[in-house]
Engineer: 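Quick one: this structure, given as structure tokens, is what I'll be asking you about.
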Amino acid sequence: QVQLVESGGGSVQAGGSLRLSCAVSKYSFVGWFRQAPGKEREGVAAISTTGISTYYNDSVKGRFTISRDNAKNTVYLQMNSLQPGDTAMYYCAARAPDAGGTWYNTLTYNLWGQGTQVTVSS
């Protein structure tokens, strides 16, 4: 059941940047996930309802930044120094703030977007 809307994907060269956006309730804990062809969906980053707590996959630490603007009901994923290995479909997901479970466990999220494609060429 798709209820979130992502935007901002595209094609860039290695070293480039993109910013993804997700329209989502300010009351939700939000995660960004990605899935490359033939691979399992993996957690990229997540953010608490207030934005105070953030979580990252080790592979993107120092390159990606998750943030939110609750006045606009929007969560962002700023992606810098993109690499070909970042190529994937990126999904925004939301869950209740007290849902529990690890931030990267897809089963703990009940709302998902349709995905936005990110392609990084070398």
Side-chain angles (χ1 to χ4, degrees):
Q1 186 177 10
V2 175
Q3 298 190 27
L4 305 180
V5 180
E6 305 104 334
S7 61
S11 297
V12 296
Q13 292 189 327
S17 298
L18 285 173
R19 187 177 78 160
L20 306 183
S21 299
C22 174
V24 60
S25 166
K26 61 185 177 183
Y27 301 112
S28 295
F29 181 98
V30 178
W32 281 99
F33 293 79
R34 66 187 180 186
Q35 188 167 19
K39 295 187 176 181
E40 292 188 355
R41 191 168 297 189
E42 66 172 357
V44 176
I47 189 166
S48 63
T49 55
T50 61
I52 292 176
S53 298
T54 57
Y55 311 84
Y56 294 95
N57 186 309
D58 286 346
S59 67
V60 306
K61 281 182 180 177
R63 301 188 298 122
F64 291 10
T65 302
I66 189 170
S67 63
R68 67 191 305 160
D69 184 341
N70 284 342
K72 296 181 179 180
N73 287 321
T74 302
V75 170
Y76 304 98
L77 184 67
Q78 177 66 44
M79 305 185 295
N80 298 329
S81 301
L82 282 161
Q83 304 167 359
D86 296 316
T87 296
M89 185 71 79
Y90 283 71
Y91 299 89
C92 174
R95 70 186 195 192
D98 58 350
T102 57
W103 68 267
Y104 49 83
N105 185 342
T106 60
L107 298 177
T108 65
Y109 292 82
N110 60 314
L111 297 175
W112 289 85
Q114 79 288 352
T116 185
Q117 179 67 37
V118 171
T119 302
V120 185
S121 58
S122 58

Engineer: Compare every heavy atom of Q78 with every heavy atom of N80, then report the nearest pair and how far apart it is.
Structural biologist: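 Heavy-atom minimum between the residues: OD1-NE2, 2.9 Å.
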Engineer: Quick check: is Y76 connected to Y55 through a chain of hydrophobic side chains (ILVMFWY, heavy atoms under 4.5 Å apart)?
Structural biologist: no
Engineer: Would you mind reporting whether W32 and M79 have side-chain heavy atoms less than 4.5 Å apart?
Structural biologist: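 With C-beta onward as the side chain, the pair stays apart.
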Engineer: In Å and rounded to the nearest 0.5 Å, what is the CD to CE distance from Q114 to M89?
Structural biologist: 8.5 Å
Engineer: Please tell me if the side chains of L20 and E6 come closer than 4.5 Å, counting only heavy atoms from C-beta onward.
Structural biologist: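 They are not in contact (no side-chain heavy atoms under 4.5 Å apart), so the answer is no.
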Engineer: Of all heavy-atom pairs between V44 and F64, which one has the smallest distance, and what is that distance?
Structural biologist: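 Answer, listing the atom of V44 first, then F64: CG1-CD2, 3.6 Å.
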Engineer: Which distance, rounded to the nearest 0.5 Å, do you find between the CG of D69 and the NZ of K26?
Structural biologist: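 Those atoms lie 10.5 Å apart.
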Engineer: Please report the closest heavy-atom contact between R34 and D86, naming both atoms and the distance.
Structural biologist: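 Nearest pair, atom of R34 first, then D86: NH1-OD1, 2.9 Å.
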Engineer: Look at the aromatic rings of F33 and Y109 and report parallel, tilted or perpendicular, splitting at 30° and 60°.
Structural biologist: perpendicular
Engineer: For the rings on W103 and F29, is their centre-to-centre separation under 6.0 Å?
Structural biologist: no
Engineer: Looking at L4 and L111, what are the two nearest heavy atoms and their distance?
Structural biologist: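 Closest approach of L4 to L111: CD1-O, 3.7 Å.
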Engineer: Just by modelled atom types, is the L107 backbone N or O under 3.5 Å from a matching donor or acceptor in the R95 side chain?
Structural biologist: no
Engineer: Evaluate the side-chain contact (heavy atoms from CB on, under 4.5 Å) criterion for residues T116 and S7: first the C-alpha distance (whole Å), next the side-chain angles of each, then the deciding distance (0.1 Å), finally the verdict.
Structural biologist: CA-CA 6 Å; T116 185; S7 61; 6.0 Å; no
Engineer: Ignoring hydrogens and geometry beyond distance, is a side-chain donor-acceptor pair present between S81 and R63 at under 3.5 Å?
Structural biologist: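 R63 and S81 do not have a side-chain donor-acceptor pair below 3.5 Å.
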Engineer: Any side-chain heavy atom of T87 sitting closer than 4.5 Å to one from Q117?
Structural biologist: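 Heavy-atom side-chain distance check passes, below 4.5 Å.
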Engineer: Any heavy-atom pair between the side chains of V12 and S17 that's under 4.5 Å?
Structural biologist: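 Not in contact.
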Engineer: Write down the atom of T108, the atom of A99, and the distance for their closest heavy-atom approach.
Structural biologist: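 Looks like O-CB, 4.3 Å.
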Engineer: Closest approach of V75 and V24, non-hydrogen atoms and distance?
Structural biologist: CG2-CG1, 3.6 Å
Engineer: State whether the side chain of N70 and the backbone N or O of T50 hold a donor-acceptor pair below 3.5 Å, judged by distance alone.
Structural biologist: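 The answer is no, because no donor-acceptor pair under 3.5 Å joins these two groups.
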Engineer: For the backbone of G43 and the side chain of N57, can you confirm whether one donor and one acceptor N or O come within less than 3.5 Å of each other?
Structural biologist: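 Checking the backbone N and O of G43 against the side chain of N57, a donor-acceptor pair under 3.5 Å is found.
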Engineer: What's the separation between atom OG in S59 and atom CD in Q83, rounded to the nearest 0.5 Å?
Structural biologist: 8.5 Å
Engineer: Are any side-chain N or O atoms of S25 and backbone N or O atoms of Y27, one a donor and one an acceptor, separated by less than 3.5 Å?
Structural biologist: yes
Engineer: Could you give the distance from CG (N73) to OG (S28), rounded to the nearest 0.5 Å?
Structural biologist: 9.0 Å
Engineer: Counting N and O atoms only, with roles assigned by atom type, does the side chain of Y56 sit under 3.5 Å from a partner on the main chain of I66, one being a donor and the other an acceptor?
Structural biologist: yes
